[in-house]
Amino acid sequence: MTDLATIRSTTDHLVSEARWDSVRDLLGEVSADELVRGDLAYRFGEALYFTGRIEELKAHSSEYERAARAASDPVGVLYARNLAGIAAFELGLMDEAASILEGLIDRAMEEDEQSLMAKAAISLGAVANLRGEPEKALTFYRLALAPLDRRCDTRGLGQIHHNLGMSYRDMGNLDDAVDEYRHAVRIAQNAGLQPQVAMSIIGRAEVEVLRGDFALGFILAERGRLLAVDIGDPISEGTGYRIRALARSGAGSAGSSAVVDEDELDAAEADLAKAGELADSSGSALLQAEVWRDLGRLHRRRGRLTEARVDLGRAGEALLALGAVASAAEVARELEVIADH
């Protein structure tokens, strides 16, 4: 298929049905120069992101930027840089991501590209939240909210409310976090944005586990995981497995756990193994770090202290490399407790 109008029409149809894997396969056969000419390069980047092809997303962002410069398309260059920032974040290159996105906000303001400025602000908020600065993250989300409201950008608004859920979760405001995730799901469902629906259902599942409602957390994690499987999103699928494991094991936090029989703990360990496989295949550095941490905690709970030290050690190093200082410090404290046993 070489006619760009036909490709664009087919792409729009596939997106309306949330068939992001098919969008990826279709546009993957088209050169970056043709994608830029057909205004499809950013859409291809979205398809790569939603299907967990992060290394490919990073490569595409470079080709997209080259093609946009060749076409004298300065706005296209900025959108390519946005994809580069997203890819760097997912690959755990936080300093690189922050540098790209901070520069992008300035350039987007110069070009009066409010939508792009909002996208960069949302991503910078996610970086701040990961670094243990949820209040700073809220500032970025507020910066993004006004232009998205003006444009009635449902995708951006859904993402903001999802990210607000993460920040409130990390601040300990669990009721507010649940409200934000519910809001994100409603927006995404109304707009037919299935990847966002899956992510936000799973996000709420984690908060329900933290609140101690393990049955509801399990149900929501499985619902989100199955949706992620349907749309071909391995990162959300892996996160669903991870939260399902926490619900199975009754693990609300590092310092609390319910009494659970050994069969359920075995099942939780199997879920974490599956999550780890998906983290590895998709290149999600954050998911991999979280899986190691949760495996370490599960090993510790089961008295396997040698294995616990190995996995918690891996998690601590990975979280520190990601800039997740607060999470890394929490893991370090857990390691100190078991160091002499």
Side-chain angles (χ1 to χ4, degrees), residues 4 7-8 10-71 73-93 96-101 103-105 107-108 111 113 115-124 126-127 144 148 153-156 158-159 162-163 188 191 193-196 198-199 228 231-236 282-285:
L4 283 176
I7 294 174
R8 191 181 302 109
T10 303
T11 298
D12 290 344
H13 175 71
L14 293 171
V15 168
S16 71
E17 295 184 344
R19 294 166 57 190
W20 288 100
D21 51 349
S22 297
V23 173
R24 179 199 65 216
D25 293 343
L26 172 66
L27 299 184
E29 298 297 319
V30 184
S31 71
D33 298 278
E34 288 292 284
L35 288 173
V36 166
R37 191 163 68 86
D39 198 24
L40 289 165
Y42 196 81
R43 184 68 87 191
F44 182 44
E46 288 181 311
L48 291 171
Y49 171 74
F50 286 136
T51 56
R53 303 295 185 91
I54 307 303
E55 290 284 1
E56 292 176 44
L57 175 61
K58 184 174 176 62
H60 169 65
S61 68
S62 296
E63 275 298 291
Y64 181 4
E65 182 174 350
R66 177 202 58 75
R69 290 186 186 280
D73 178 3
V75 174
V77 170
L78 297 185
Y79 274 89
R81 296 296 290 161
N82 185 56
L83 292 178
I86 291 170
F89 178 91
E90 293 294 336
L91 292 170
L93 307 172
E96 179 180 334
S99 176
I100 291 170
L101 295 165
L104 184 58
I105 282 187
R107 290 290 308 280
E111 296 286 344
E113 283 289 329
S115 178
L116 189 56
M117 183 274 291
K119 290 178 187 293
I122 291 170
S123 295
L124 279 170
V127 171
L148 293 174
D153 185 335
T154 52
R155 178 170 294 168
Q159 189 175 359
H162 174 89
N163 287 15
L193 303 173
Q194 296 298 86
Q196 185 66 66
M199 285 188 282
I231 59 179
D233 177 358
I235 296 176
S236 290
S282 65
S284 176

Specify the closest pair of heavy atoms between [X] and [Y], including all atoms of both residues, with the distance to one decimal.
X: Gly283; Y: Leu91; answer: O-CD2, 3.5 Å
X: Ala98; Y: Val127; answer: CB-CG1, 4.4 Å
X: Ala121; Y: Ala144; answer: CB-CB, 4.0 Å
X: Ile100; Y: Arg81; answer: CG2-O, 3.2 Å
X: Val23; Y: Arg43; answer: CG1-CG, 4.3 Å
X: Leu83; Y: Ala41; answer: CD1-O, 4.3 Å

| Any salt bridge between Lys58 and Glu96, counting N to O under 4.0 Å? | yes

[X] vs [Y] side-chain heavy atoms within contact, under 4.5 Å:
X: Ser123; Y: Phe89; result: no
X: Glu46; Y: Trp20; result: yes
X: Tyr64; Y: Phe44; result: no
X: Glu90; Y: Tyr49; result: yes
X: Ile231; Y: Asp21; result: no
X: Arg155; Y: Gln196; result: no
X: Ile86; Y: Asn82; result: yes
X: Ile54; Y: Leu48; result: no

Once rounded to the nearest 0.5 Å, what's the spacing between atom [atom1] of [X] and atom [atom2] of [Y]?
X: Ile235; Y: Ser282; atom1: CD1; atom2: OG; value: 4.0 Å
X: Lys119; Y: Ile105; atom1: NZ; atom2: CD1; value: 13.5 Å
X: Asp233; Y: Arg53; atom1: CG; atom2: CZ; value: 11.5 Å

| Under the side-chain contact (heavy atoms from CB on, under 4.5 Å) criterion, do Arg107 and Val77 qualify, and how do the steps go? | CA-CA 10 Å; Arg107 290 290 308 280; Val77 170; 5.6 Å; no

| task | Using atom types as modelled and distance alone, determine if a side-chain donor or acceptor of His60 lies under 3.5 Å from a backbone N or O of Glu55. | result | no

| message | Determine whether a donor-acceptor pair (N or O, by modelled atom type, separation under 3.5 Å) exists between the side chain of Arg8 and the backbone of Gly38. | response | yes

| Is there a side-chain contact (heavy atoms from CB on, under 4.5 Å) between Ile122 and Asn163 once you walk through the steps? | CA-CA 8 Å; Ile122 291 170; Asn163 287 15; 3.4 Å; yes

| note | Checking Asp12, Leu27, Leu35 against Ile7 for side-chain contact (heavy atoms from CB on, under 4.5 Å), the one that qualifies is Leu27

| task | Please report the C-alpha distance between Thr11 and Leu40 in whole Å, then the side-chain angles of each, then the deciding distance to 0.1 Å, and finally whether the side-chain contact (heavy atoms from CB on, under 4.5 Å) criterion is met. | result | CA-CA 9 Å; Thr11 298; Leu40 289 165; 4.3 Å; yes

| message | For Asp39, is the CG atom crowded, meaning more than 12 foreign heavy atoms sit under 6.0 Å from it? | response | no

| said: Run Tyr79 and Glu65 through side-chain contact (heavy atoms from CB on, under 4.5 Å) and show every step you take. | reply: CA-CA 8 Å; Tyr79 274 89; Glu65 182 174 350; over 6 Å; no

